[in-house]
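Take a look at the structure below.
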Amino acid sequence: MLLLWQGPWWLDGAHLRKGNLEPADGVVITGFRASLVAAVGGVVAALTLHHNRNKDAHDAELAREGQVTGRYVEAVKLIASDILTERLGGIYALERIMRDSERDHNTVVEVLSAFIREHAQKHDASEEPSEAEAKVEGGRRRGQLRGDLQAALVVLGRRPEREAMEEEGGLERVNLTQTDLRGAELYNHSLRNIELREAWLDNAQFFRTDLFGAELQGSRFKGADFCWANLLIVNLTGADLRNVRLHGACLENATLWGVDLRGADMTEAQLQGADLREARLDGTKALTVEQVIDARIFPSTKLPTHIAQDVRVQARISECEIEEAERQAARRSLSG
């Protein structure tokens, strides 16, 4: 109020009279006060508009979250259905939610992982279908993965990248430990850092699949296809890799303790830094001395005779033993 009444004199006091005002003074005073009122009104209007916009955005976000929640509830109901087509619809509905809503990404990963674990549990460890039993109704092989489980795997394998969440350590890992996923087909998908320990994946297809950092300890992959797959720093301790195809696969710095690779196709497989202690590579196909000396090998590593007798391989074994002894000594020094 003070600015409204005294403002004209503060602004132009040198030219305005304080008493006996002339008409010209009145024009200046009235113009100033009108401008001030208009300016204040404009500020109030702008603040009101900003508040309304924020409120509208908040309301819209609440409405969107409500829609996502509704879609999520319906999708979960569908995947619990006894009808295959409805389960498939629920799986793809969850995929859409995962793509549309970053905040629901981890929830969808957890739900689909739990769905697979529930419906693909391992049973009798000795269960091996005979040739006569290999075919079932409709010509589908018994080893072929069920349609809804295959769909859920594919959705997990093509989940959107969330770089910010991954950098913050808040990205949920896919956990399919102790599942029976024989015959799964995952061509050119991403299963980075997946937990897939003690699982059955005989004859599974991982052609060009990204399995970087995967936890695959104790799993069975007999006859699986890993051609050109990314197996960088995976942990395959104790895994059964008999008769697998590893043509062009990257196994750099992988942990392959006690792995059984008999019958495996090792053509152009990259083994730089891979730990092969207690691994069985006798009987592998297309394995070369050059591949072996790139890896970490020990007396416990079982190699084809012609490779084991190569002087370069024997020298590499001695080198790895020295490195391991130094590493163990350093650990004892730190712990002491």
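As the structure is a prediction and not an experimental result, all values here were calculated from the model. Along the sequence shown, the residues carry numbers beginning at 1.
- Using a 3.5 Å distance cut-off with no hydrogens or angles, the side chains of E110 and T107 do not pair a donor with an acceptor.
- Surrounding CH2 of W228 are more than 12 heavy atoms belonging to other residues, nucleotides or ligands, all under 6.0 Å away.
- At a threshold of 4.5 Å between non-hydrogen side-chain atoms, the residues Y72 and V111 count as touching.
- Checking E268 against Q270 by side-chain atom types alone, no donor-acceptor pair falls below 3.5 Å.
- Judged as a side-chain contact (heavy atoms from CB on, under 4.5 Å), and not counting sequence neighbours, the contacts of A286 are D265, T267.
- Under the 4.5 Å side-chain contact rule for hydrophobic residues, F207 and L156 do not share a cluster.
- Side-chain contact between L271 and L287 is present, with at least one heavy-atom pair separated by less than 4.5 Å.
- The 12-atom threshold is exceeded at CZ of R158, counting heavy atoms of other residues, nucleotides or ligands nearer than 6.0 Å.
- Contact annotation: the side chain of E172 never approaches that of H105 to less than 4.5 Å [non-hydrogen atoms, C-beta and beyond].
- For E86, the side-chain contact (heavy atoms from CB on, under 4.5 Å) test picks out L78, S81, I83, with sequence neighbours left out.
- Here the closest heavy-atom approach between residue L261 and residue M266 is recorded as CD2-SD, 4.4 Å.
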Exercise for the section: Quick one: do K302 and D282 satisfy salt bridge (Lys or Arg N to Asp or Glu O under 4.0 Å)? Show the steps, please. Expected result: CA-CA 6 Å; K302 295 183 179 179; D282 50 321; over 6 Å; no
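- Distance check: D148 CG to R87 CZ gives 4.5 Å after rounding to the nearest 0.5 Å.
- Ring pair Y187/F206: centre-to-centre distance not below 6.0 Å.
- Between T209 and S190, every side-chain heavy-atom pair lies at or beyond the 4.5 Å cut-off.
- The distance from the CD atom of E290 to the CD1 atom of I307 is 9.0 Å, given to the nearest 0.5 Å.
- The minimum heavy-atom distance between A75 and A93, with the atom names listed, is CB-CB, 3.8 Å.
- Across N175 and R117, no two heavy atoms sit closer than the pair O-NH1, 2.6 Å.
- The distance from atom NZ of K222 to atom CZ of R182, rounded to the nearest 0.5 Å, is 9.5 Å.
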